[in-house]
Amino acid sequence: MASCRNAMNRSQLHIFYSGRVQGVGFRYTVRALASGFEVTGTIRNLSDGRVEMVAEGTKEELEAFRRAVQDSEVGRFIRNEDAGWSQATNEFRGFEIAR
């Protein structure tokens, strides 16, 4: 279990990806990538064609995870990232594809 100090240093990264990010295995690739990082959260398709990702962890870990997504085989499908940072809510157990 994370220490109290570590829990206080957790952030939330909320990204809306646009481009050709649906129907190309984007969510499954990101979920697989997440297992290599100390992050929790969800990723889901939106009805407007974007993909929404909410991830929590330390800022350093989230930045590394974000770069891994950009550098992955589905990174080329991303046209734009609309990203925002906030305080972690610690509501996630793992990293899952949300319906």
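Since this is a predicted model, take the numbers as computed values, not measurements.
Looking at Arg99 and Ile97, their side chains come closer than 4.5 Å, going by heavy atoms from C-beta outward. Within the 4.5 Å cutoff, side-chain heavy atoms of Ile15 are placed close to those of Arg66. Using a 4.5 Å cut-off on side-chain heavy atoms (C-beta onward), Gln70 and Glu81 make contact. Using a 4.5 Å heavy-atom cutoff, the side chains of Arg27 and Asn45 are in contact.
Here the side chain of Glu56 pairs a donor or acceptor atom with the backbone of Thr89 at under 3.5 angstrom. A donor-acceptor pair is defined here as one N or O able to donate and one able to accept, closer than 3.5 Å; such a pair exists between the side chain of Gln22 and the backbone of Leu46.
When all heavy atoms of Ser35 and Ala32 are compared, the closest pair comes out as OG-O, 2.6 Å. Closest approach of Thr29 to Ser72, counting heavy atoms only: CG2-OG, 4.1 Å. Scanning both residues, Ala83 and Leu13, for their nearest heavy atoms gives CB-CD1, 4.2 Å.
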Open item on the list: Between Tyr17 and Val30, does the side chain to side chain contact (heavy atoms under 4.5 Å, CB included) criterion hold? Intermediate values first, please.
Closed with: CA-CA 12 Å; Tyr17 292 103; Val30 172; 5.6 Å; no

TODO: Go through the steps for His14 and Glu52 under the test side chain to side chain contact (heavy atoms under 4.5 Å, CB included), then give the verdict.
DONE: CA-CA 7 Å; His14 192 171; Glu52 177 186 30; 2.6 Å; yes

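No close placement of the Phe26 and Phe77 rings is indicated, their centers lying 6.0 Å or farther apart.
Cation-pi check for Arg31 over Phe95 is not met; the charged atom does not lie both under 6.0 angstrom from the ring centroid and within 45 degrees of its normal.
The hydrophobic cluster containing Val24 also contains Ile78, counting ILVMFWY residues as joined when their side-chain heavy atoms lie under 4.5 angstrom apart, directly or transitively. When hydrophobic clusters are built by joining Ile, Leu, Val, Met, Phe, Trp and Tyr residues whose side-chain heavy atoms come closer than 4.5 Å, directly or via intermediates, Phe65 is not grouped with Phe92. Phe16 and Val74 are not part of a single hydrophobic cluster, where members link through side-chain heavy atoms under 4.5 Å apart. Residue Leu33 is not grouped with residue Val54 when hydrophobic side chains (ILVMFWY) are merged at heavy-atom distances under 4.5 angstrom, including chains of intermediate members.
Distance OG/Ser18 to CZ/Arg79: 4.5 Å, rounded to 0.5 Å. The distance from atom NZ of Lys59 to atom CD of Gln12, rounded to the nearest 0.5 Å, is 12.0 Å. A distance of 6.5 Å separates OG of Ser11 from CG of Leu62, quoted to the nearest 0.5 Å. For the atom pair OG1 (Thr58) and CD (Glu63), the distance works out to 10.0 Å, reported to the nearest 0.5 Å.
Atom CD of Glu38 is surrounded by 12 or fewer heavy atoms from other residues, nucleotides or ligands within 6.0 Å.
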